[in-house]
Amino acid sequence: MALLTTTIGSFPKPPALHEARRRFAEGTIEAPALREVENEATVRALRFQEDLGLDLLVDGEMDRADPITSFAERLSGVEIAGWVRVYGDRYVRKPRIVGPVARAGASTVERFRFARGAASRDVKAVVPGPYSLLDGSYDEHYPSRRAACAALAEIVRDEVRDLAAAGATDIQIDEPAAGARADELPMLAELLAHVGEPVRGRARLWIYLGYADLEGAGARLAKLPADGVLVAGAHCGYAGIEAFAKALPSDRFVGVGVIDTLRASVEGEDEVRARIDRLRSLIPSDRLWVVPDGGFRALRPDAARAKLSAMVRASK
Amino acid sequence: MIRSASHSSYPRIGDGEWDQQLRRVARERDRGLATDADFRAVEDEVASLVVAEQSRAFVDVVTDGLVRWSGPISHFARGWDGVALDGLSRWFETGLYDRRFAVTGPVTRREAIVVRDAKLALDVRPKHYKAVLPGPVTLAFSARVEGGADRAAIASEIAAALAAEAEELAAAGVKIVQLDEPILCRRADLAELAGRCAARVFEAAGEGATTILSTYFGDLADPALDLAALPGTHLGLDMVHGAGNWPVLARLPEGRGVHLGLFDARTVRPETAEEAFERIVPYRELLMARDVMVGPQCGLELIPRDHAFDKLLQARYLKETLEREWAWRS
């Protein structure tokens, strides 16, 4: 039985987009010209996925340098503090919450509409989750982490509602920070249920857990309220996957990473198939999705293509 | 004696055009436009600039910012046998990720890892240079091991490897060595093992060396924890995220120095030397009998560079305030 495939969000940006962003930052081109290059890159990312045969597409995040910062900087009450290293040679411009957070309008809906219009298959919308928005920011305003997270949850809830109104049938909430503090998992579960409430029954809600520690908190993470859970696994040899799989509610879709997107070396099809077979032994095939560990932002296009190609072939 | 001190890491890039070299060359390398050698050359340049920048804040004890480290856990795997890099994990609750160790056999040292870094940092001629090493117990107890493996034995092997590193650091002229054991704030039951491992490393650091056993992201308030059994000339305490550490000052053995983490290296909220001074006023008698370093509570790479620099400036102002108000000699 062939398994369904999707990806996590980002794809490598083409040189023309890097150049356009540089020129936009310098002030030598205007926003519409940058948008045109982003649109071209989005269409290329969609064709790339369609050609490979992926079942559920993403827009490739061509308009976002970093999902947290790009979303947060469009909110009032947020400033950008500066560059901070997050892993290896990867840096982000970390937001700083300095006042009550509020949304002037939707951040991701226009991009979703464009991608859906340009794609021949369903496109999954992707938004950062409230907990990871907080975790990826410095909060200098709210009296507690809970208060800050609740305020951000209202914003994400509105975004999710707008995406569903725009026709999104699959919405992914990125919560890579979900397992960072085990004592806050009940709060996260409560807020995620609140975020998803307006679209329940209208759209399939996915939660992406990133590189969460499944050994420590897998059983609790598996029960977070969503229709589907996505999590990395190839990077660590699936440490903790048994407990995670065992705890999954019976109605939950689950996608576990079968290619390591942090390593440039390309996995062979047989290697990926062996990983899938291991997952099949733990998760029923009618609920199992095949996904990469994370986004492809940091990989060269040729490596991303080769890895994804191996993943799709191995899943069929 | 009172000194201001950087803790360990320092931001590798800043917001200015000329502060982005390392990020730029990393991207060029990813695209095949720069080589590993190009990257290493920029890394060396940035490390020297980081030493100079800390000195420009007039901080007494500086580090090389751990600019060349792949991460707080993974970096030493490159020079050791018996370990491989495993999956990604968070550095405690911070937003920094690193590869975990997977222990594959007896851990032994194949080559020096930070000795060259120290030599290059000393070439910048800072007032006092501190070399930083990862704690054997923190490494061993966060590693992925085969079922039933003896983590205490692994920690001892790591301590032996680090002792060899410390010996070479001493030969290179390093007089201050810090061993980071943040796990002690979560696992007081590991204190005895951590003490044994640290003693081995500190012994190799040479006679007369300043040796700091650094703890952070919590406190050492557990009454079962035998502070006297923890070795080192100084104990590093996090006074920001370890509020329980204030009473710990009264339990410290006589003569033990302290490296007080008074500035929050995890937030960009402005802090002042005056606020820090007010917090330590009640502990004047306990502190003035000791050799004290004041600074951020952990490495500064969790915040942007301009904020990191400001934290160091405040540490320097605090030291100057203590010299002035308490007539404390530096």
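Below, chain A is the first sequence line, B the second, and so on; all start at residue 1.
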To the nearest 0.5 Å, tell me how far [X] [atom1] sits from [Y] [atom2].
{"X": "F92(B)", "Y": "R181(A)", "atom1": "CZ", "atom2": "CZ", "answer": "13.0 Å"}
{"X": "R99(B)", "Y": "Y211(A)", "atom1": "CZ", "atom2": "OH", "answer": "7.5 Å"}
{"X": "T267(B)", "Y": "E140(A)", "atom1": "OG1", "atom2": "CD", "answer": "5.5 Å"}
{"X": "H307(B)", "Y": "K94(A)", "atom1": "NE2", "atom2": "NZ", "answer": "11.5 Å"}

Among V268(B), L96(B), D86(B), single out the residue with the greatest number of heavy-atom pairs under 4.5 Å to chain A.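 Option with the greatest count: V268(B).
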Close side-chain approach of R31(B) and P12(A), heavy atoms under 4.5 Å: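 Side chain of R31(B) against side chain of P12(A), heavy atoms only: no contact under 4.5 Å found.
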Checking Y87(A) against L88(B) for the side-chain contact (heavy atoms from CB on, under 4.5 Å) test, could you report, in this order, the C-alpha distance in whole Å, the side-chain angles of both residues, the deciding distance, and whether it holds? CA-CA 9 Å; Y87(A) 166 68; L88(B) 209 62; 3.2 Å; yes
If the threshold is 4.0 Å, N to carboxylate O, is there a salt bridge linking R85(A) and E301(B)? yes
Could you tell me whether D89(A) and R68(B) make a salt bridge, using a distance below 4.0 angstrom between a side-chain N and a carboxylate O? no
Chain B contacts, top residue of G136(A), G210(A), P176(A) (heavy-atom pairs, under 4.5 Å):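 Of the candidates given, the most pairs with chain B belong to P176(A).
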Counting heavy-atom pairs under 4.5 Å with chain B, which one of A180(A), A239(A), C236(A), A81(A) comes out on top?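 Top option by heavy-atom pairs under 4.5 Å: C236(A).
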Atom group of [X] that falls short of 4.5 Å from chain A, counting heavy atoms:
{"X": "S70(B)", "value": "backbone"}
{"X": "R266(B)", "value": "both"}
{"X": "I303(B)", "value": "both"}
{"X": "W91(B)", "value": "neither"}
{"X": "R90(B)", "value": "side chain"}

Taking the six-membered ring of W83(A), is NZ or CZ of R305(B) closer than 6.0 Å to its centre and within 45° of its axis? no
Any chance CD of E26(A) has more than 12 other-residue heavy atoms, nucleotides or ligands included, within less than 6.0 Å? yes
Other residues, nucleotides and ligands only: do more than 12 of their heavy atoms fall within 6.0 Å of CZ on R44(A)?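 No, the 6.0 Å shell around CZ holds no more than 12 heavy atoms from other groups.
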Check against salt bridge (charged side-chain N to carboxylate O under 4.0 Å, His left out), R144(B) and D213(A): CA-CA 12 Å; R144(B) 185 175 171 195; D213(A) 173 16; over 6 Å; no
Checking [X] against chain B: side chain, backbone, both or neither under 4.5 Å from a heavy atom?
{"X": "D293(A)", "value": "neither"}
{"X": "D135(A)", "value": "side chain"}
{"X": "Y138(A)", "value": "side chain"}
{"X": "A232(A)", "value": "neither"}

What are the two closest heavy atoms between R263(A) and L85(B), and how far apart are they? NH2-O, 3.6 Å
